[in-house]
Amino acid sequence: MADPSSPIREEIRSIAPYNAGLTLEEVRANHHVEKVAKLGSNENPLGPSPALRRQFPDIGELARLYPDPQGRALCTRLAGSFDVGSDQVILGNGSEDLIAVICRSVVRPGDTVATLYPSFPLHEDYTALMGGKVDRVTVAPDLTVDMKTLLAAISRKPRMLMFSNPMNPVGSWLTPDQLAQLIAGLDPETLIVVDEAYAEYAAGDDYPSAAEMLKATGLNWVVLRTFSKAYGLAGLRIGYGIVSDGSLCGFFNRARTPFNTNAIAQAAALTALDDVGHLNRSVELAIVERERMKKELTTMGYRIAPSRCNFLFIDARTDASGLAGALLRQGVIVKPWKQPGFETYIRVSIGSPVENDHFIEAFQKVEAAG
Ligand SMILES: *Cc1c(COP(=O)(O)O)cnc(C)c1O
């Protein structure tokens, strides 16, 4: 019998399956709990804009026809808000699709891709898939970005620097000054990809729009954004990239599947952009609840990373997988971090007030049971 793994590239065999988290149904069925707080995937407790429920009473034509493969209406709209050409916008089936597209387009065997660490696993996985090597820039002891190590990493002229700002899973971020320092140190041969999945939560003083800062530099760059987080559309799978120039964007377009974003997702994204009130409510809820959770956890004696996101990265001072299992039995889903050096950390999404209370109570119970 043929070995089923024999046709598969070594790079794929060495990647761990993506830890996509648990569904409500799995937790209810396996742990016999009624109420579940789903706080493992950074979703939005308010969900999408109410306008969306009114938008799809009749889904017929959207479902029947192939979508616009370029997603022109959405790209034009996004190009307007970033003040770039619409040929500089690329849509993805989630921004994770675009991470894969970029790595496929750029990373040759043996290339180095630098990233902040602990990292968003897909930044590393798609690099490895293409035969690239990852250069990890570990956070400083206070869990903020270690600029000295980051500048040293880019001075080695990696093929690509790809990281999220703010960082997932940590929540800390590069300030405008730090991003300026980084840009000044980049080699023109290095592609910089800034994954801004949490930009809507982070916006404000002391957080830079990478696209604005990169525009005049003459570097090759991509900024990734998503509708999965603050816009509450994780289930529809739509994200986008803003690219330094139209021809570079054109190459990325060749490396994606032609109809990678569906018609409903494209239409829903446009509706979501129109409802600024809902976006603001989502962001405000996350910030108010994040600060409340942070206070409670700090009072309990835990060390928490600075966060501009809709999640907290907590040093639980115990094996995080064991803790996550105990929380599951109380009906709470969190993400135990499994990357080396951070095995005592959990990442907890900021949910609704009820879900957040559920987490705090469960955490206290588990802690008391020791
Ligand atoms: C959630 C997340 C994504 C994935 O977003 P999708 O658009 O849902 O694929 C990408 N990057 C980071 C850093 C994220 O946290």
Side-chain angles (χ1 to χ4, degrees), residues 18-21 38-45 47-48 71 74 78 89-104 113-127 134 136-137 139 145 160-174 192-202 207 210 222-242 252 256-257 260-262 264-266 268-269 272-273 279 282-283 286 290 305 307-313 333-335 337 339 345-351:
Y18 185 64
N19 171 12
K38 189 170 188 293
L39 302 177
S41 302
N42 301 344
E43 291 139 337
N44 179 344
L74 181 55
L78 293 167
V89 185
I90 182 171
L91 301 182
N93 188 23
S95 52
E96 63 185 16
D97 180 27
L98 295 175
I99 296 167
V101 163
I102 293 166
C103 288
R104 253 195 326 267
V113 173
T115 194
L116 300 180
Y117 182 83
S119 58
F120 187 59
L122 296 179
H123 295 162
E124 297 197 357
D125 290 350
Y126 289 123
T127 294
V134 177
R136 292 171 161 176
V137 176
V139 287
V145 178
M160 179 161 71
L161 169 66
M162 180 186 255
F163 64 98
S164 58
N165 193 39
M167 290 173 73
N168 179 8
V170 181
S172 51
W173 65 98
L174 266 86
I192 174 171
V193 180
V194 185
D195 182 344
E196 295 185 336
Y198 300 93
E200 295 84 2
Y201 295 105
Y207 174 76
V222 182
V223 170
L224 297 177
R225 294 279 187 104
T226 180
F227 288 94
S228 296
K229 307 285 162 56
Y231 289 101
L233 295 178
L236 290 185
R237 314 304 306 126
I238 187 150
Y240 61 97
I242 307 292
F252 293 140
R256 64 173 175 85
T257 56
N260 64 334
T261 64
N262 70 77
I264 296 167
Q266 289 180 22
L273 288 171
L279 175 67
S282 298
V283 168
R290 181 186 73 209
S307 174
R308 288 286 276 260
C309 299
N310 65 335
F311 57 80
L312 291 173
F313 196 52
I333 309 171
V334 302
K335 200 157 226 181
W337 214 254
Q339 289 176 321
Y345 283 80
I346 57 169
R347 191 196 68 195
V348 184
S349 308
I350 308 302

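Both ligands and their constituent atoms are indexed starting at 1 by order of listing. This structure is a prediction, so every number in the text was calculated from the model and none was measured. Along the sequence shown, the residues carry numbers beginning at 1.
- Looking at Glu124 and Thr115, their side chains never bring a donor and an acceptor atom within 3.5 Å of each other.
- Side chains of Asn168 and Arg347: a donor on one and an acceptor on the other come within 3.5 Å.
- A ring-ring contact (aromatic ring centres under 6.0 Å, His included) with Phe311 is found for exactly one of Tyr198, Tyr345, Tyr201, namely Tyr198.
- Under the side chain to side chain contact (heavy atoms under 4.5 Å, CB included) rule, Phe313 has a single partner from Val348, Ile346, Val170, which is Val170.
- Between Phe227 and Tyr231, the ring planes are tilted. Angles from 30° to 60° get that label.
- Within the model, atoms CZ of Arg237 and OG1 of Thr226 stand 6.5 Å from one another, a figure rounded to the nearest 0.5 Å.
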Contact table ligand 1 N or O to protein N or O, d under 3.5 Å:
from     : atom 1 : to     : atom 2 : distance (Å)
ligand 1 : 5 (O)  : Ser95  : OG     : 3.1
ligand 1 : 7 (O)  : Ser95  : N      : 2.6
ligand 1 : 7 (O)  : Ser95  : OG     : 3.0
ligand 1 : 7 (O)  : Thr226 : OG1    : 2.5
ligand 1 : 7 (O)  : Ser228 : OG     : 3.4
ligand 1 : 8 (O)  : Ser228 : OG     : 2.6
ligand 1 : 8 (O)  : Arg237 : NH1    : 2.8
ligand 1 : 8 (O)  : Arg237 : NH2    : 3.3
ligand 1 : 9 (O)  : Ser95  : N      : 3.1
ligand 1 : 9 (O)  : Glu96  : N      : 3.0
ligand 1 : 9 (O)  : Arg237 : NH2    : 2.8
ligand 1 : 11 (N) : Asp195 : OD1    : 3.3
ligand 1 : 11 (N) : Asp195 : OD2    : 2.6
ligand 1 : 15 (O) : Asn168 : ND2    : 2.7
ligand 1 : 15 (O) : Tyr198 : OH     : 2.7
ligand 1 : 15 (O) : Lys229 : NZ     : 3.2

